[in-house]
Amino acid sequence: MKQLTLSTLIIIASAAASPAALAQDVAAGKTSFNKCLACHAIGEGAKNKVGPELNGLNGRKSGTAEGYSYSEANKNSGITWDQATFKDYIKDPKAKIPGTKMVFAGIKNEQEASDLWAFLAQYDKDGKTK
């Protein structure tokens with residue numbers, strides 16, 4: 001009985017700790033976005049640069065930012081951006097979308113990728129924070 005109780009407590013403690021361990025930090029995501037600034041813009045008045053502006057990324061289909069000249073690979077990837085897809089992509093963009101024009105080594109750190117997504121996802125299509 002003691003072993004069952006101890007096992008139950010461990011499972012409950014693990015479940016409670018997991019979300020906290022992966023909690024997203026928008027401020028940390030903003031700092032991480034500095035790696036992206038050379039090619040991307042976000043927020044009110046954002047314009048396409050070497051890469052597309054990233055307003056309204058959550059739920060947007062890949063290859064659809066107005067006025068940006070995407071690679072065929074991006075346009076035909078079938079991706080709709082959400083947290084899971086973004087985190088998989090940002091680890092190694094060229095592996096996720098072979099033929100993409102994006103030249104970026106990637107962000108391998110899971111927490112940093114989560115934080116970056118939290119920062120990006122807060123912007124609607126008009127560049128206003130939700």
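Position 1 is the first residue of the sequence; numbering continues from there.
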Enquirer: Check side-chain hydrogen bond (donor to acceptor under 3.5 Å, both in side chains) between Glu112 and all other residues, then give those that pass, not counting sequence neighbours.
Expert: Ser32, Lys35
Enquirer: Starting from Leu57 and following side-chain heavy-atom contacts under 4.5 Å between hydrophobic residues (I, L, V, M, F, W, Y), which residues can be reached?
Expert: Val26, Phe33, Leu37, Ile42, Leu54, Ile79, Trp81, Phe86, Tyr89, Ile90, Ile97, Met102, Phe104, Ile107, Leu116, Trp117, Phe119, Leu120, Tyr123
Enquirer: Residues two or more places apart in sequence or in another chain: which of them pass salt bridge (Lys or Arg N to Asp or Glu O under 4.0 Å) with Lys30?
Expert: none
Enquirer: With sequence neighbours left out, what residues match Asp124 under side chain to side chain contact (heavy atoms under 4.5 Å, CB included)?
Expert: Asp126, Lys128, Lys130
Enquirer: List in chain and number order the residues that pass side-chain hydrogen bond (donor to acceptor under 3.5 Å, both in side chains) with Asn74, two or more places apart in sequence or in another chain; answer none if no residue qualifies.
Expert: Ser62, Thr100
Enquirer: Can you pull the salt bridge (charged side-chain N to carboxylate O under 4.0 Å, His left out) pairs that have at least one residue in residues 99-108, sequence neighbours excluded?
Expert: none
Enquirer: What are the two closest heavy atoms between Pro93 and Gly106, and how far apart are they?
Expert: CD-CA, 4.1 Å
Enquirer: Report the residues that fulfil side-chain hydrogen bond (donor to acceptor under 3.5 Å, both in side chains) with Asp82, sequence neighbours left out, ordered by chain and then residue number.
Expert: Thr85
Enquirer: Calculate, to the nearest 0.5 Å, the distance between atoms CD and OG belonging to Gln83 and Ser114 respectively.
Expert: 5.5 Å
Enquirer: Going by the salt bridge (charged side-chain N to carboxylate O under 4.0 Å, His left out) test, which pairs reach into residues 38-55, not counting sequence neighbours?
Expert: Glu53-Arg60
Enquirer: Report the residues that fulfil salt bridge (Lys or Arg N to Asp or Glu O under 4.0 Å) with Asp88, sequence neighbours left out, ordered by chain and then residue number.
Expert: Lys96
Enquirer: Ring pair (Phe, Tyr, Trp, His ring centres under 6.0 Å): which pairs involve residues 54-79, sequence neighbours left out?
Expert: Tyr68-Tyr70
Enquirer: In chain order, what residues pass the side-chain hydrogen bond (donor to acceptor under 3.5 Å, both in side chains) check against Lys125, with sequence neighbours excluded?
Expert: none
Enquirer: Taking all non-hydrogen atoms of both residues, which atom of Ala121 and which atom of Asn58 are closest, and how far apart?
Expert: CB-CB, 4.5 Å
Enquirer: Which heavy atom of Ala73 sits nearest to which heavy atom of Gly99, and what is that distance?
Expert: CB-C, 3.6 Å
Enquirer: Locate the shortest heavy-atom distance separating Ala113 from Lys87; write the atom from each residue and the value.
Expert: CB-CG, 4.1 Å
Enquirer: To the nearest 0.5 Å, how far apart are CD in Gln24 and CG in Asp115?
Expert: 7.0 Å
Enquirer: Could you tell me whether a side-chain N or O of Asn34 sits under 3.5 Å from a main-chain N or O of Thr31, the two making a donor and an acceptor?
Expert: yes
Enquirer: Measure across Ala46 and Asn55 and return the closest heavy-atom pair with its distance rounded to 0.1 Å.
Expert: CB-ND2, 3.6 Å
Enquirer: For Ala95, enumerate each residue passing the side chain to side chain contact (heavy atoms under 4.5 Å, CB included) test, keeping only those at least two apart in sequence or located in another chain.
Expert: Asp92
